[in-house]
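Working notes, structure below.
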Amino acid sequence: MKRLFCLILAVCMVFSMTACGGEKVEVPDDNYRTYYEVFVRSYYDSDGDGIGDIPGLTQKLDYIQELGFNGIWLMPIMPSMTYHKYDVTDYYSIDSEYGTLDDFKVLLEEAHKRGINVIIDMVFNHTSSEHPWFKEACNYLKTLDQGEQPDAAVCPYVEYYNFNREGGSGYSVVDGSDWYYESVFWYGMPDLDLYNPEVRKELEDIADFWLSMGVDGFRLDAAKEYVTGSTSKNVEILSWYVDYVKTGYPDAYLVAEVWDTLETITAFYESGIDSIFNYPFGNNDGKLVSVVKKAGDGKSGASFATALETVESQFKETNPNMIDAPFLSNHDTGRIAGFLAPTQEKIKFGGALNLLMSGSSFVYYGEEIGMKGSGADENKRAPMRWSADGSEGMTNPPPNMGDVKQKYDTLDIQMEDVDSIYNYYKNAIAIRNKYPEIARGSQRGVTLEDGDIIVIAKTYGEEVTYVVLNNSEAEKNISLSGTELEGCKVKSSLVTTPSTQEGTISMEEDTLTLPPFGVCIIK
Ligand code: CA
């Protein structure tokens, strides 16, 4: 009898969890997504060797899906000489530290089952100096007599890179010869000649290999250095690549790294690429961080909303179909929990600003639990903090990582705390997913009397939805009478400490009350 009762109770619990587990949201299957950037090495170790791996990431797909992400960007996974793998030795395989191609195919299948697209880092500004193309070219050059010119008919790889006998800025010497090669980042990363048709053919074949396997697109590394110093040539190279990929795979998603100003990024959009990371808004000196740092100054909120509108229209001038790619931090920048310290409220609010922008928002792994890390690159790529006891799946730190002090709890603890950064991110992504217009609407800044209030009008189809954010530490009573927001109703809200402030977002007779750093969706 007791067993029967337990069984009935268990069945009821399952039913009620399904019923109460939040409404099912259908997110459009397009390229406006919410991406999670993963450094596989520091994410989840499945076999206990201390190095995160592809099967480990596959095991955590449920976690990623529950957070609400529908895209992941994998930092390089191909064989490489370095821990970060931004120097590829073989474009057709998976680094053995991370697993096998079969492991990767399982990851793709499992991700797609969950509605998660997978894009991978495509690094072709340079190869590794240990790539067979480069090694063959150097071996051949060493056989030449002084003054003898190389013959590409003998060794085609001498024209894959930029070799000369003069050297110059950004050049390294070919050991044991009087030749130099362009290596803008480091001698271990020789730059490819992307104007060589044979190199382009190689890169087209590589794109085919991964896209036909089911990869959903690429993050293009270092597009600004394809031809260092020439935006017009870089745009030409990017146009060739975009055309090639989109002809064969119209749904593929391409996002480029162009770490530069608004003007340069705008020029790069002429290539027709879907997205370029929005550096003017990201990083510690970007607008997303600076507006939060200036919280409560009575003007920055309003000017942020206006800036959103200006930047979007500028990007659309060169590519009307562009999908903005905002982010707060990535593997090259310090982590945001450091920049927006000391208060957890500001960290959360910065996260919301990023996640409520139009386009595809990117979140760097660990950002959702307020991980810290700055200074040396290794510090920015610390092991994901799964649990307080540091056991299951935790990876070893990257080689030479410094002492990175963490302030916030590990994931297991944050999951149990309604006020945690984790739960705030989860709620923010849920709002992003619930209203397709947040990612897809065109943005317009609305200025109210109080300059701490950010109002972003999102026009999507015939409808206008307003995202209203209180960029201050004070509770605000905002009169909407006589503004275009008059008569709107609160549809969703997001507060930094729901355990104490639940229900404090309200609308009474066109007066909207927002707690410190409160956010709401109204229409
Ligand atoms: Ca491992």
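Position 1 is the first residue of the sequence; numbering continues from there.
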Taking the side chain as everything from C-beta on, heavy atoms only, tell me whether V235 gets closer than 4.5 Å to L238.
no
Is there side-chain contact between F134 and Y181, with heavy atoms separated by less than 4.5 Å?
yes
Salt-bridged, [X] to [Y], with N to O below 4.0 Å?
X	Y	value
R41	E97	yes
D95	K85	yes
D297	K293	no
E257	R219	yes
D30	R440	yes

Under the criterion ring-ring contact (aromatic ring centres under 6.0 Å, His included), which of W210, F104, F209 is the partner of Y92?
F209
W73: which of F277, Y364, Y365 passes ring-ring contact (aromatic ring centres under 6.0 Å, His included):
F277
Taking atom types as modelled, is there a side-chain donor on S212 or Y249 under 3.5 Å from an acceptor on the other?
no
Judged by modelled atom types alone, do D285 and Y279 share a side-chain donor-acceptor pair under 3.5 Å?
no
Quick check against the 3.5 Å criterion: does [X] have a side-chain atom that pairs as donor or acceptor with the backbone of [Y]?
X	Y	value
S230	V227	no
E309	G445	yes
T333	N330	yes

Is the ring pair F362/Y253 parallel, tilted or perpendicular, if the boundaries are 30 and 60 degrees?
parallel
So F124 and Y226, would you call those rings parallel, tilted or perpendicular, with 30° and 60° as cut-offs?
parallel
Does any pair with a residue in residues 101-110 pass side chain to side chain donor-acceptor pair (under 3.5 Å), and if so which ones, sequence neighbours excluded?
T100-D103, E110-K113, E110-R114
Report yes if the distance between the aromatic ring centroids of Y140 and W179 is under 6.0 Å, otherwise no.
no
Test of ring centre spacing under 6.0 Å for H131 and Y91:
yes
Minimum heavy-atom separation for S172 to Y187, with atom names?
OG-CB, 3.4 Å
Check side chain to side chain contact (heavy atoms under 4.5 Å, CB included) between H84 and all other residues, then give those that pass, not counting sequence neighbours.
T82, Y86, D87, M189, R381
Kindly confirm or rule out a cation-pi arrangement of R200 over Y195, judged by NZ or CZ under 6.0 Å from the six-membered ring centre and within 45° of its axis?
yes
